[in-house]
Amino acid sequence: MRLHGEDAATTSGGATQDVTTESLTLLEKAALLTGKTVWETRDLPRHGVRSLWLADGPHGVRKQLGAADHLGIAASQPATCFPTAAAVANTWDVTLAERIGAALGAEAAAQGVDVLLGPGLNIKRSPLGGRNFEYFSEDPLLAGRLAAGYVRGIQAQGVAACPKHYAVNSQELRRMVSDSVVDERTLREIYLSAFGIVVTEARPRSIMSSYNLVNGVYAHEDPFLLGTVLREEWGFDGAVISDWGGSNDVVAAVAAGGTLEMPAAGLDSARQIVDAVRAGRIAQADVDARAAEVLRLVADARRAPAPEVDPLEQHALAREVAARSAVLLKNDDGLLPLAPATRVAVVGDFARAPRYQGAGSSAVNPTRLDSVLDVISRSGLEMTAFAAGFRRDGTPDAALRAEAVEAARGADVTLLFLGLDEIAESEGLDRSTLALHAAQVEVLRAVAEVNPRTVVVLAGGGVVEVPWLASAQALVHGFLAGQAGAGGLLDVLTGVVNPSGHLAETVPVTLADTPTAGTFPAQGRTAEYREGLYVGYRYYATAGVPVAFPFGYGLSYTTFAHSGLTATADAATVTVTNTGPVAGADVVQVYVSRVSPGVHRPARTLAGFARVELEPGESATVTVPLGDAAFRHWDVATGAWQVERGTWRVLAGAHVDDLPLSAEVEVPGTVPPRTEDLPERYRTGDIRDVPDADFSALLGRPLPSSAWSRPLTVNDPLSAMAGARSPLARLAYRVLAWRRDVADRRGKPDLNILFLLNMPFRAIGKMTNGMVDAATVDGIVRIVNGRFLSGVAATVRAFLRNRRANRRTARELAGDAPGRSA
Ligand code: BGC
């Protein structure tokens, strides 16, 4: 077995002693801080320090034993593919999240994985985010709590969790070079909050830094993000692992608190660290601290092999989760649930080839995969016909549509499976639209005309516009429901499971209504977060923009009544009653809204929630803790969290736009109400088209330039070769772009090419297992900038020098040569 030219070490090798940094040489400590292969940390056999095996990911284990890549391209060992985070988030069920985490952890442990790279908890800034399927919510409280559940579950199995991507990693376009420009209040309240919750509540043993820069500094070397916030404020004492190829300057990373650069950057990194200590550019103590973090991860890893998991039990859990994640969005005249023996026409390509997970590093090789056609015979429904109805890639096909209409005509009910195809969303690729393919909508309209009793079941990692809603008598969104999703969704359609999913993200009326419409994804070097705090429902609720389905929305086959709200600054208590005919689960949502004047704030913010299962007629009284976390804001004046003294409203109900219960509370606070000198738009939520001056006022400094540098630097993306001086580089760009376009036209995005186009030149040095060092990359960039001869000479010289140096360092590490290690 060979991974990128090196033998993969076994992860179940001999027991690791608790080695301390004192017994290691400087070179050994430095070598621990950069990966050994795509998936392994470096071992130090002389000291009994073994390699750790790291594997994706967030909804299933992706352990590759053959060819290794970080994009989900080559095969991996079969594992259970659970519903993705975007689905699970709709459960608002932290206990379920913990069960999923435990199942993931058990499977990871059984496969000898030491660190599971997940969950993903970035905030969904725009519904266009290509990786939104891997993330939970537009709300940090919900995202953080669910992620904490996963982490507790994973780590209870002896596997380290690695929540990711810290932080402000909101777009896929040029994710490795994009600079997220965001004011500190927004950063703290929106983009860091969920990470704060996961770190303080669940104590993950590692965390993954993101590719992007935040306010001009790469996340993996940001002393503010890694030092001040993560380690000092939140007390994180684990390992900060770079995203794959996301380390920029390893020396800066070590000083800032970045522990381990992945994948295998080679021994050049170790030499850079040693040289920096020798030259006094970083403190020896920083290297010791980082090495100790790696050693702790090794010491805490499982030593005994874990038992096998039962794939059938895991599949059953995946099915249960899929059913509990589905959101019933419309159910006119109680069309659902369908009675046994209902004669259904099944229409839609997704019924035979499900869209059940997303593309990229999270892609799992499922232990089995159920389609609706596979499992419908066991649902009690009588399938009268199946018709694919449309082509997945959106190409119009009148014959397929006609077949669908024929199938629908004679049935009691049509089950129409629509969704986003594989190319619509992916790691490395943001969505360009929120619309379903027109071909699918045409099928819906045609089918509904002959059979109005049409149920639309959606698949996709995010939300879609629903201008066609009137044609569907019922609508269920299953998101990406995992390998057992088909069975889970049929359980919902037939009432075996009463739906209890509630949207963890708003469904806007149109893309044009979203707070970042027209600016997401950012095209230049910087991504400016001009909308500030107004993300998702915080925007719609404040600016009064109507939505198709609000945050928190979801129907059930029963009904619930909320009553008797009482609230203090510390907690809210609400009584929920199941007023309908069947057992079901409700999610009571509690929001807060400030009555007294003060700093700008969204109209309401989620402060807590509770999920309750109730028999018909049964009531339960739930208490939702509030406290400072519910009322606080990041106070720019004091550079600290503060709570404004004054009157607040505590609101409770079914979703953000249906909060009939309200109680006023006096909050003692930590500061008197604040005044602030900001443009009025940040008060009213009028944050579309924010002029430079207004954003600059929010930011508290002038706007950084978003232009690309000329000549190109090692930190510019390969896609910038489009405008390079060298004709060779422009040709290289055209070849890459052509390969991207060909793949797109085939309906299967080439993730490798997308990664290359978005990747900065310096990552060539970070991802070639030591073959290319930083000096070689400098030579390559010189060629790109049109200095061909001197560039080639520098490249060749550096390449050879690096090869020699690698051999020498490897000998030193093996203990048979003197040198830097002293
Ligand atoms: C992704 C990470 C993933 C890593 C390893 C990166 O491209 O952004 O989420 O864990 O690859 O596969």
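Numbering of ligands and ligand atoms starts at 1, following listing order. Since the structure is predicted, the reported quantities are computational estimates derived from the model, not experimental observations.
In this structure, atom 5 (C) of ligand 1 lies nearest to the protein heavy atom Asp56 OD2, 3.3 Å.
Each of the atoms 2 (C), 8 (O), 9 (O) of ligand 1 lies under 4.0 Å from some heavy atom of His165. Atoms of ligand 1 lying under 4.0 Å from at least one heavy atom of Met208, given by number and element, are 10 (O). Close approach of ligand 1 to Lys164 is summarised as follows: ligand atoms under 4.0 Å from at least one heavy atom of the residue are 2 (C), 3 (C), 9 (O), 10 (O). Close approach to Glu427 involves these atoms of ligand 1, each under 4.0 Å from a residue heavy atom: 1 (C), 6 (C), 7 (O), 8 (O). When each atom of ligand 1 is checked for a heavy atom of Ser361 under 4.0 Å away, the hits are 1 (C), 2 (C), 3 (C), 9 (O), 11 (O), 12 (O).
The option with the heavy atom closest to atom 2 (C) of ligand 1, from among Leu751, Asp243, Leu54, is Asp243. The residue from Gln64, Arg62, Arg131 that puts a heavy atom closest to atom 9 (O) of ligand 1 is Arg131.
Taking the charged nitrogens against the carboxylate oxygens, Arg205 and Asp114 have no contact shorter than 4.0 Å, which rules out a salt bridge. Between Arg203 and Asp237 there is no salt bridge, since none of the side-chain N atoms of the basic residue sits less than 4.0 Å from a carboxylate O of the acidic one. For Asp43 and Lys36, the salt-bridge test passes: some basic side-chain N is under 4.0 Å from an acidic carboxylate O.
Heavy atoms of Glu134 stay at 4.0 angstrom or farther from ligand 1.
Note: no N/O pair closer than 3.5 Å links Trp39 and ligand 1 by distance alone.
Side-chain contact annotation: Ser362 with Glu427, donor-acceptor N/O pair under 3.5 Å absent.
Of the candidates Tyr150, Trp92, Phe479, Tyr150 is the only one forming a ring-ring contact (aromatic ring centres under 6.0 Å, His included) with Phe136.
Around CZ of Arg296, the count of heavy atoms belonging to other residues, nucleotides or ligands within 6.0 Å exceeds 12.
Annotation: side chain of Leu480 is in contact with side chain of Glu425 (closest heavy-atom distance under 4.5 Å).
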